[in-house]
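Scroll down for the structure; my scribbles are underneath it.
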Amino acid sequence: MTDPATTPRTTPNGKANRTALACAGLVLAMTGLAFASVPLYDAFCKATGYDGTPLKGAAPSAAVARSGDSMVVHFDTNVSSALPWTFRAESPRVAAHLGETTTVFFRVRNTGTTPSTGVATFNVQPGLMGGYFVKVECFCFKEQTLQPGEAMDFPVVFYIDPAVRTDSNTSHLSEMTLSYTYFASKNGQPATAALATTGSTGKKSNF
């Protein structure tokens, strides 16, 4: 029989310490999971077109082109209030033939009095089009530094996968929107701030 006098006793303080350690470990694990989930989610969206994230790929072969079928692509350009730039597409919209590459230029200008660096994010609407809108070349997520008064033109080369017509969720669509937002760059990443829109959704850009 065990001698009660020699049996270790768990004190209230000991229980509290173990509980505190367990909670701290859980918090650290959840924090690590949260940080890991951001790049994983981003990679998932880029690979699948989920949540309106356009795919990235090579130019299509001529065999997949459907010149008799097209979709109107609208361009929405925005600039964060923290960045003294104007930003617009050369045309507010284009009719893109399915399976054919289309090139559109976008112009940005630094209207401030000092050099500034920006980086653009993007998405497409409706979100289901993310799986069929394929970027061949894009300036998005690339830092750009402009001197005071300097303007630059950046191309976007894309195509719409003809498979959009075989998906019952998108087969009826005749229009979509490609939206860009320029943010001030912080360590190579967009610094989020309140948006001051330019171009099609707000004050017109003047060049």
Side-chain angles (χ1 to χ4, degrees), residues 33-80 87-108 118-144 153-183 188-190 192 195 197-202 205:
L33 182 61
F35 277 105
S37 66
V38 173
L40 288 174
Y41 179 78
D42 182 58
F44 171 77
C45 290
K46 289 179 179 178
T48 63
Y50 181 74
D51 200 24
T53 303
L55 301 178
K56 187 173 183 179
S61 65
V64 304
R66 294 177 57 174
S67 58
D69 194 355
S70 63
M71 184 175 295
V72 176
V73 181
H74 299 270
F75 302 110
D76 175 42
T77 54
N78 310 278
V79 181
S80 164
F87 175 40
R88 71 175 182 186
E90 63 179 350
S91 174
R93 68 190 66 84
V94 297
H97 293 295
L98 302 190
E100 293 183 3
T101 55
T102 300
T103 301
V104 176
F105 282 88
F106 291 73
R107 169 164 288 199
V108 292
V119 61
T121 64
F122 66 95
N123 75 332
V124 299
Q125 294 297 329
L128 290 172
M129 282 300 300
Y132 301 104
F133 187 88
V134 185
K135 296 183 292 84
V136 178
E137 181 181 348
C138 183
F139 57 86
C140 46
F141 299 115
K142 298 177 182 178
E143 278 191 323
Q144 310 292 346
D153 294 314
F154 302 118
V156 172
V157 182
F158 67 89
Y159 71 92
I160 300 173
D161 190 336
V164 68
R165 294 299 183 220
T166 63
D167 184 338
S168 60
N169 295 308
T170 57
S171 59
H172 64 286
L173 295 177
S174 60
E175 300 186 15
M176 60 168 288
T177 298
L178 173 62
S179 180
Y180 285 100
T181 300
Y182 255 110
F183 292 93
Q189 298 296 320
T192 57
L195 297 182
T197 57
T198 63
S200 62
T201 59
S205 301

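Interatomic distance, L178 CG to C140 SG, rounded to the nearest 0.5 Å: 8.5 Å. Taken from CZ in R107 to CZ in F154, the straight-line distance is 10.5 Å, to the nearest 0.5 Å. Atom CG of residue L128 and atom CZ of residue F133 lie 15.0 Å apart, to the nearest 0.5 angstrom. Going from atom CD of E90 over to atom CZ of F106 covers 8.5 Å, rounded to the nearest 0.5 Å. Interatomic distance, CE of M129 versus CD1 of I160, reported as 5.0 Å (0.5 Å rounding).
By the side chain to side chain donor-acceptor pair (under 3.5 Å) test, T177 pairs with no residue at all, sequence neighbours left out. Evaluation of the side-chain contact (heavy atoms from CB on, under 4.5 Å) rule for T103 yields F105, P155, V157 as partners, not counting sequence neighbours. Evaluation of the side-chain contact (heavy atoms from CB on, under 4.5 Å) rule for V72 yields H74, R93, E175 as partners, not counting sequence neighbours.
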Apply side-chain contact (heavy atoms from CB on, under 4.5 Å) to the pair S179 and N78, showing each step before the final yes or no.
CA-CA 8 Å; S179 180; N78 310 278; 3.6 Å; yes
Show the numbers, then the answer: is there a side-chain contact (heavy atoms from CB on, under 4.5 Å) between F139 and V156?
CA-CA 7 Å; F139 57 86; V156 172; 3.3 Å; yes
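Taking both residues in full, the closest heavy atoms of C138 and Y180 are given as SG-OH, 3.2 Å, listed atom of the first, atom of the second, then distance. The nearest pair of heavy atoms linking A96 to T102 is CB-OG1, 3.7 Å. Residues L173 and R165 approach most closely at O-NH1, 2.7 Å, considering heavy atoms. Considering every non-hydrogen atom in both Y182 and Q144, the closest pair reads OH-CG, 3.7 Å.
Just one of T121, D76, N123 meets the side-chain contact (heavy atoms from CB on, under 4.5 Å) condition when paired with T181; it is T121. With Y132 as the fixed residue, the side chain to side chain donor-acceptor pair (under 3.5 Å) test singles out one of T170, D167, D161: D167.
Ring geometry for F158 versus F75: interplanar angle over 60°, hence perpendicular rather than tilted (30 to 60°).
Judged purely by atom type and a 3.5 angstrom limit, T77 has no side-chain atom pairing as donor or acceptor with the backbone of A89.
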